[in-house]
Amino acid sequence: MDLQLAGKTALITGGSKGIGRATAEVLAGEGCNVILVARDQGTLDAAAAGIRAKRQVNVRTIAADLSSDAAVRKVAAEAGELDILVNNAGAIPPGDVLSIDDAKWRTAWDLKVFGYISFCRVVYERMKAHKAGVIINVIGAAGESFPTNYIAGAAGNASLMAFTRALGKGAPADGLRVVAINPGPVETDRLVMLRRAEAQQKFGDPDRWRELTAGMPFGRAASPAEIGNAVAFLASPLSGYTTGTVLTINGGG
C-alpha cells in the first residue's frame with residue numbers, strides 16, 4: 001500500500017532506538033526524509049547509518065535533551081519545515097505516590113509531558129502557517145489503565161491524551177491533524193532488559209525472560225515495527241479524516 005508520504009519530512013523524537021527508530025525506518029521506507037532526535041549522538045549515528053543503508057532518503061540527526069522549552073525550540077529551528085512530527089521521547093519511572101519524590105516526578109514530566117507539549121506548540125504554529133501537517137504523540141496505555149505502581153506515568157499519559165484530543169479537535173480549522181497512539185507493552189531494549197532482570201530474580205536464568213510474556217495477548221509484547229506501521233498510517237493522507245483520536249495498541253489486553 002502506497003501511503004503517499006514520499007518526499008515528506010518527518011521529525012521523530014526518541015528516534016535512535018525502540019519505537020522511534022522503528023517508526024523512522026517505516027517512514028523512510030515510504031519515502032520520507034527523516035530527522036532523528038535523541039540525547040546520544042552515537043546511537044543516533046548508528047540508527048541513521050542503518051536507515052541510509054536500506055533507503056535512498058535524506059536522514060539527519062540532532063542530539064539534544066528535550067526537557068526544556070528552550071532546547072525544544074532550538075531543535076525545531078535546526079530542523080526547519082516539517083510535514084510530520086512524532087513525539088516519542090521520554091520514559092517515566094515506575095513507583096507509587098510515596099516512592100516517586102517531587103524531583104523525580106518533575107524531571108520525568110519535563111521530558112515526556114512538557115517536552116511533548118512544547119514541541120507541539122512550536123511545530124503547530126509553523127504548520128498552521130502552511131495549512132498542512134500532522135502531529136502524532138506516542139504516549140502509552142497506562143493513561144487508560146491507571147496502574148498504581150506507575151502513578152507518575154499514568155497521570156502524565158492521561159494528561160497527554162487530553163492534550164492530544166483538545167489540540168486535535170481544533171486542528172482541522174488550521175488544516176492540520178493531531179493524533180496519538182497508546183502502546184501497551186512493546187519489545188524494546190528497555191522491556192527486554194527489565195524482563196531479563198525479572199527472569200533472573202524469579203528463575204535464576206535471564207534467558208527465560210520470554211516466559212514472562214506468555215500471559216500477554218498473542219503470548220508476546222508488540223514489536224516496535226507494529227507501532228511504527230500505525231504511526232505511518234496515521235500520518236498519511238489515507239487517514240486524512242483522523243484527528244483528536246487516541247489509538248490504543250495493546251493486543252486487546
[X] (side chain) donor-acceptor with [Y] (main chain) under 3.5 angstrom:
X      : Y      : value
Asp2   : Gln4   : yes
Ser99  : Asp96  : yes
Tyr116 : Val138 : yes
Arg52  : Val59  : yes
Thr213 : Met216 : no
Arg39  : Leu66  : no
Lys131 : Ala173 : yes
Ser16  : Thr43  : no

Check the hydrophobic clustering (I, L, V, M, F, W, Y; side-chain heavy atoms under 4.5 Å; chains of links allowed) and say if [X] and [Y] are grouped together.
X      : Y      : answer
Val26  : Val37  : no
Met193 : Val186 : no
Leu212 : Leu191 : no
Leu176 : Tyr241 : no

Between Asp110 and Thr107, does a side chain to side chain donor-acceptor pair (under 3.5 Å) hold up when you go through it step by step? CA-CA 5 Å; Asp110 279 344; Thr107 297; 5.4 Å; no
Rounded to the nearest 0.5 Å, what separation is found between the [atom1] atom of [X] and the [atom2] atom of [Y]?
X      : Y      : atom1 : atom2 : value
Leu167 : Arg177 : CG    : CZ    : 13.0 Å
Cys120 : Glu125 : SG    : CD    : 13.0 Å
Arg195 : Arg210 : CZ    : CZ    : 11.5 Å
Phe119 : Asn88  : CZ    : CG    : 12.0 Å

State whether a side-chain donor-acceptor pair under 3.5 Å links Tyr124 with Asp174.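 There is such a pair between these side chains.
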Would you kindly say whether Asp69 and Ser118 are connected by a side-chain donor-acceptor distance under 3.5 Å?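 Side-chain D/A pair, Asp69 to Ser118: present.
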Grab the two heavy atoms, one from [X] and one from [Y], that are nearest each other, plus how far apart they are.
X      : Y     : result
Val75  : Ala64 : CG2-CB, 3.4 Å
Gly228 : Thr23 : CA-OG1, 3.4 Å
Ala10  : Leu27 : CB-CD1, 3.8 Å
Ile12  : Gly20 : CG2-O, 3.6 Å
Thr61  : Leu44 : CG2-O, 3.8 Å
Leu36  : Ala47 : CD1-CB, 3.9 Å

From CA spacing to verdict: side chain to side chain donor-acceptor pair (under 3.5 Å), Asn137, Thr164: CA-CA 7 Å; Asn137 294 322; Thr164 298; 3.0 Å; yes
From Asp189, Asp205, Asp207, residue fulfilling salt bridge (charged side-chain N to carboxylate O under 4.0 Å, His left out) relative to Arg196: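 Result for salt bridge (charged side-chain N to carboxylate O under 4.0 Å, His left out) with Arg196: Asp207.
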Just wondering, do [Y] and [X] contact through their side chains at under 4.5 Å, heavy atoms?
X      : Y      : value
Leu82  : Arg126 : no
Val134 : Asp83  : no
Ile151 : Trp105 : yes
Glu187 : Val192 : yes
Cys32  : Thr9   : no
Ile136 : Leu85  : no

Go through it in stages, so that I can follow the logic: the residues are Asn182 and Glu144, the test is side chain to side chain donor-acceptor pair (under 3.5 Å), and I'd like the CA-CA distance, side-chain angles, deciding distance and then a yes or no. CA-CA 9 Å; Asn182 276 350; Glu144 300 170 82; 2.8 Å; yes
Ionic contact status for [Y] with [X], cut-off 4.0 Å:
X      : Y      : result
Arg208 : Glu211 : yes
Lys202 : Glu198 : yes
Arg21  : Glu25  : yes

All side-chain hydrogen bond (donor to acceptor under 3.5 Å, both in side chains) counterparts of Lys112, not counting sequence neighbours: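 Scan of Lys112 (side-chain hydrogen bond (donor to acceptor under 3.5 Å, both in side chains), adjacent residues dropped) gives Asn157.
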Please walk me through it: do Ser67 and Asp65 pass side chain to side chain donor-acceptor pair (under 3.5 Å)? CA-CA 6 Å; Ser67 58; Asp65 178 347; 2.7 Å; yes
